[in-house]
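To keep things clear, I will list the structure first and then write my remarks on it.
Sequence positions, counted from 1, serve as the residue numbers for this chain. Only a predicted model underlies this, so the values are computations on that prediction, with no experimental measurement involved.
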Amino acid sequence: GLVDRFIAEQPKDVDEVLFNALLDTCCRLKDLPRLEATSQRMRDLGVQPSPVTLGILVKTYGQAQDLQKVLQVWGEMEKQRD
């Protein structure tokens with residue numbers, strides 16, 4: 001899609017705000033596979049998650065009742081605070 005093309009053509013212009021918007025859209029659509037792919041793409045490009053990013057992930061995994069993923073993201077949040 002358009003966003004994938006933008007990311008491919010302008011990887012240095014991609015930031016956490018763009019990824020937060022994409023992740024939030026995945027959350028609203030309850031599209032876990034796309035959320036996971038988007039999160040992985042964010043890591044692959046070296047974009048650091050913010051507390052907002054991690055909050056979106058916790059909310060999405062919580063809605064999906066995936067406690068293991070919620071705890072994993074929570075651990076990432078704690079590491080960021082240290």
Side-chain angles (χ1 to χ4, degrees):
L2 178 63
V3 173
D4 291 328
R5 207 168 77 220
F6 175 79
I7 292 170
E9 293 176 10
Q10 306 286 340
K12 63 184 176 290
D13 294 330
V14 176
D15 63 9
E16 163 258 336
V17 175
L18 172 66
F19 277 104
N20 283 350
L22 296 172
L23 292 168
D24 188 59
T25 300
C26 295
C27 176
R28 292 173 192 270
L29 296 173
K30 297 178 178 25
D31 188 343
L32 286 176
R34 184 165 290 183
L35 177 106
E36 303 234 329
T38 301
S39 181
Q40 183 60 52
R41 188 94 184 262
M42 186 177 181
R43 285 191 294 275
D44 292 346
L45 292 171
V47 177
Q48 293 298 312
S50 70
V52 172
T53 308
L54 298 173
I56 292 167
L57 295 174
V58 166
K59 179 171 74 172
T60 305
Y61 291 130
Q63 289 173 348
Q65 299 182 358
D66 188 338
L67 182 58
Q68 183 176 351
K69 287 285 194 174
V70 168
L71 294 174
Q72 178 184 339
V73 173
W74 193 263
E76 288 179 39
M77 289 171 65
E78 296 215 327
K79 285 181 196 171
Q80 277 192 355
R81 281 191 255 160
D82 293 340

TODO: Report the residues that fulfil side chain to side chain donor-acceptor pair (under 3.5 Å) with D24, sequence neighbours left out, ordered by chain and then residue number.
DONE: R28
Open item on the list: Apply side chain to side chain contact (heavy atoms under 4.5 Å, CB included) to residues L23 and L35 and explain how you reach the verdict.
Closed with: CA-CA 6 Å; L23 292 168; L35 177 106; 3.8 Å; yes
Task: Residue pair Q48 / E16, side-chain heavy-atom distance below 4.5 Å - done: no
Task: I7 side chain reached by L18 side chain, heavy atoms, under 4.5 Å - done: yes
Open item on the list: Closer than 4.0 angstrom, basic N to acidic O: yes or no for R41 and E36?
Closed with: no
Task: Heavy-atom side-chain proximity of P51 to M77 below 4.5 angstrom - done: no
Open item on the list: Counting C-beta onward and ignoring hydrogens, is there a side-chain heavy-atom pair between Q65 and V70 closer than 4.5 Å?
Closed with: no
Task: Residues forming a side chain to side chain donor-acceptor pair (under 3.5 Å) with T38, sequence neighbours excluded - done: none
Task: Atom of R34, atom of C26 and distance for their closest heavy-atom approach - done: CG-SG, 3.6 Å
Task: Close side-chain approach of Y61 and V73, heavy atoms under 4.5 Å - done: yes
Task: Euclidean distance, L54 CG relative to K59 NZ, rounded to 0.5 Å - done: 13.5 Å
Task: Rounded distance [0.5 Å steps], CG in L32 versus CD in Q63 - done: 9.0 Å
Open item on the list: Rounded to the nearest 0.5 Å, what separates atom CG in D4 from atom CD in E9?
Closed with: 11.0 Å
Open item on the list: Return the OG to CZ distance between S50 and F19, rounded to the nearest 0.5 Å.
Closed with: 12.5 Å
Open item on the list: Can you confirm whether E78 is buried at CD, in the sense that more than 12 heavy atoms of other residues, nucleotides or ligands lie under 6.0 Å from that atom?
Closed with: yes
Open item on the list: Take a 6.0 Å sphere around CD of Q68 and say whether it holds more than 12 heavy atoms from other residues, nucleotides or ligands.
Closed with: no
TODO: Could you walk me through whether L57 and S39 pass the side chain to side chain contact (heavy atoms under 4.5 Å, CB included) test, one step at a time?
DONE: CA-CA 9 Å; L57 295 174; S39 181; 4.3 Å; yes
Task: Cluster overlap V52 with V17, hydrophobic side-chain contacts below 4.5 Å - done: no
- [ ] Spell out, yes or no, whether V3 and L29 are grouped together once hydrophobic residues are joined by side-chain heavy atoms under 4.5 Å, including indirect joins.
- [x] no
